[in-house]
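Here's the structure, in structure tokens; my notes come after.
Note that the numbering runs from 1 along the sequence shown for the chain. Only a predicted model underlies this, so the values are computations on that prediction, with no experimental measurement involved.
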Amino acid sequence: MAENPPSEGTRKLEEDGGPEDCYDSDDDLIMYADGRKMCIQLQKEYHRQVKESEGFDITLDLTLDAAIGAPIIPQRGKENKPKFVDLSQLTIATFNSQNATKYEFVKNVTVNTSYAAGMWCYITFQARDADDTIKTFQALAWWGIDGDRDVRFCRFKKSSKC
């Protein structure tokens, strides 16, 4: 999450260019209940990416969590945790049964999550077909707090503007 150290004051957009330096004044900041700050410009960019990519392609390098109003949270570095791999394997199995195909899961590329009595997982992953061609897929799957899992959809990756 972008924070401004109290001793630093305000900076201009042209200087430094890092996420924490994207505001001109405190009027350009959103202050959250826990004291953290994010500039309005970054918040708008985050929401644009979520909307345009349907939650799959969030490229901002920010620490996002539900506490700062980020409904969909990138899980960078955690993409191939067992629960996410399990969901991807479930989604490709569902895709195969619905489309009479035989894709095999290869690896997760990105995972974004949204929490509510479990988690919605926006997973971009790769799978290999019978001809050894690797395709990229997007899947939306649910992992409930009670362990229930459900596949909302699995499709070939849409192109993104992000």
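One distance of note links CH2 of Trp143 with CZ of Arg149; it measures 5.5 Å at 0.5 Å rounding. Here the SG-CG distance, from Cys121 to Asp86, works out to 10.5 Å after rounding to the nearest 0.5 Å. Note: Asn112 CG to Gln49 CD = 10.0 Å, rounded to the nearest 0.5 Å. Distance check: Gln138 CD to Cys154 SG gives 9.5 Å after rounding to the nearest 0.5 Å. With rounding to the nearest 0.5 Å, the separation of OG in Ser88 from NZ in Lys83 is 13.0 Å. Within the model, atoms CG of Leu140 and OG of Ser114 stand 9.5 Å from one another, a figure rounded to the nearest 0.5 Å.
Under the side chain to side chain donor-acceptor pair (under 3.5 Å) criterion, the residue pairs touching residues 89-100 are Asn96-Thr101, with sequence neighbours excluded. Listed by first and then second residue, the side chain to side chain donor-acceptor pair (under 3.5 Å) pairs involving residues 119-131 are Thr110-Thr124, Arg128-Asp132 (not counting sequence neighbours).
Residues Gln41 and Glu45 bring no donor and acceptor atom of their side chains to less than 3.5 Å of each other.
Between Arg155 and Phe56 the shortest heavy-atom distance is NH2-CE1, 3.6 Å. Counting all heavy atoms, side chain and backbone alike, Trp142 lies closest to Met119 at CE3-O, 3.4 Å. Taking both residues in full, the closest heavy atoms of Ala141 and Leu87 are given as CB-CD2, 3.9 Å, listed atom of the first, atom of the second, then distance. The minimum heavy-atom distance between Asn80 and Asn108, with the atom names listed, is OD1-N, 3.1 Å.
By the 4.5 Å heavy-atom criterion applied to side chains, Phe137 and Ile92 are counted as neighbours.
Taking a cutoff of 4.0 Å between a charged side-chain nitrogen and a carboxylate oxygen, Asp57 and Lys157 qualify as a salt bridge.
Follow the hydrophobic side-chain contacts under 4.5 Å out from Phe153 and you never reach Val109; the two are in separate clusters.
Taking the six-membered ring where the residue is Trp, Phe105 and Phe125 present tilted rings, their angle falling between 30° and 60°.
Counting only distance, with no hydrogens or angles, the side chain of Tyr46 and the backbone of Ile72 share a donor-acceptor pair below 3.5 Å.
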Begin from the C-alpha positions of Phe84 and Glu79 and carry the test side chain to side chain contact (heavy atoms under 4.5 Å, CB included) through to its verdict. CA-CA 7 Å; Phe84 299 137; Glu79 296 89 353; 5.9 Å; no

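By the 6.0 Å contact criterion, CZ on Arg152 is open, its count of non-hydrogen atoms from other residues, nucleotides or ligands being 12 or less.
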